[in-house]
Amino acid sequence: MKRFHKTLAAVLGMTMLTIVITGCGGNRKNDRQIIRIGHNQATDHPTHIALTAFEEFIDSKLGDKYDVEVYPSELLGSQTDMVQLTQTGAIDFCVASNSILETFSDNYTLFNLPYLFASTEAYHASMDDVEVIGPIFESTKKAGFEAVTWIDAGTRNFYTVSTPIESVADLKGLKIRVQQSPTNVEMMRLLGGSATPMGFGEVYTALQSKVIDGAENNEMALTSNGHGDVCKHYSYDMHQMIPDILIGNCAFLDELPKEERAIFEEGFEIVNKVEREEWVKAVEKAKDKAANEQGVNFYYPDTKPFQEICAPMHEKLLKQYPDLRPIYEKIEQYNTEYPSVAE
Ligand code: GCU
């Protein structure tokens, strides 16, 4: 059944993509300009709920002029495809993981560092601070897109089909899917696993056919993406808090009249706010479903050894990109203010 859904989604996706790329769908409907937003989550996911709230908000304020259309489930392609479509203006917005953006601007590498944030509070405070995100969010303007808000994607942890990860040694030799980012590949190398980068949409089949032994993600991947049907061991090693980023085409944003731009900015804040509220509820539900319906076991390994192995990545990055140091130091201040509860 899952495979049928995936095939159907792929066929629909190709059709949608062709319509968008060739412009056959048109950019106007009933005299309103169509605004296309793509993402890779299902319709029950906080990201989709937040973007639907954005759609409703823009409709209530500027509905005579704009018609927002939200395309979930990779209907407009993988995140990498969607970033490129946003860059060229074939679509107006998309949600991409910060990991993917690392290949478009080195600055994004910072938020992909393992154990960058000491706690969820430190993570949220950093991402809410314009001094932290400003220089990074604007760094792709020349490439044609900019970040307009961030979206919480929780904490990433390892999960596996057969062997639970209770210590770093358990990762040895395991093929683990990671996102397509050099930082994630390096992290897996240090931890002793074998990194297998692939797009999110391919992970379920790769797990099911045992092409990979496991993956790493937040709890929603177990339920909303069905990975918990195959992987019965989820270990809270807490290696990354990687935000998702809503990016927009610069030409579209820059051409908005001032008053309309202000309304869009209000809309971006709604995306952030609604998603964060929904996220807390969704993760609780996902944990409950994974444990009680899918039979997933949760493990709580000592995170210190994982952290120590990954620690050299921080200094290495700062040496390579010294401009990121003031931002890193700001994050460290939040880490001191909101330390890990485990300490
Ligand atoms: C999370 C994240 C997505 C990302 C996915 C992945 O679900 O929210 O943006 O694509 O992880 O691992 O690829």
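In listed order, ligands and their atoms are each counted from 1.
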- Would you mind checking which non-hydrogen protein atom is closest to atom 8 (O) of ligand 1, with the distance to 0.1 Å? D244 OD2, 2.5 Å
- Message: Suppose we measure from atom 7 (O) of ligand 1 to each protein heavy atom; which comes out shortest, and what is that distance?
- Response: Q41 NE2, 3.1 Å
- Message: Taking the ring of F268 and the ring of F93, is the distance between their centroids below 6.0 Å?
- Response: yes
- Assess the pair Y328 and H314: is the distance between their ring centroids shorter than 6.0 Å? yes
- Does M220 have a heavy atom less than 4.0 Å from any atom of ligand 1? no
- Message: Apply salt bridge (charged side-chain N to carboxylate O under 4.0 Å, His left out) to residues E260 and K65 and explain how you reach the verdict.
- Response: CA-CA 10 Å; E260 289 183 9; K65 212 168 157 191; 2.9 Å; yes
- Classify the contact between N40 and ligand 1 as side chain, backbone, both or neither, using a heavy-atom distance cut-off of under 4.0 Å. side chain
- Item | Heavy atom of the protein closest to atom 13 (O) of ligand 1 (residue, atom name, distance) | R177 NH2, 2.9 Å
- Task: Answer yes or no: does an N/O atom from E216 fall short of 3.5 Å to an N/O atom of ligand 1?
- Result: no
- Item | Under-4.0 Å salt bridge between E265 and R261 | yes
- Task: List the steps, then state whether side-chain hydrogen bond (donor to acceptor under 3.5 Å, both in side chains) holds for Y66 with D59.
- Result: CA-CA 7 Å; Y66 299 104; D59 196 46; over 6 Å; no
- Message: Suppose we measure from atom 4 (C) of ligand 1 to each protein heavy atom; which comes out shortest, and what is that distance?
- Response: Q179 NE2, 3.6 Å
- Note on the structure: The closest protein heavy-atom partner of atom 1 (C) of ligand 1 is N217 OD1, 3.4 Å
- Item | Which residues share a side chain to side chain donor-acceptor pair (under 3.5 Å) with T183, sequence neighbours left out | E102
- Is there a donor-acceptor pair under 3.5 Å between the side chain of N335 and the backbone N or O of A122? no
- Q79 contact mode with ligand 1 (heavy-atom cut-off under 4.0 Å): side chain
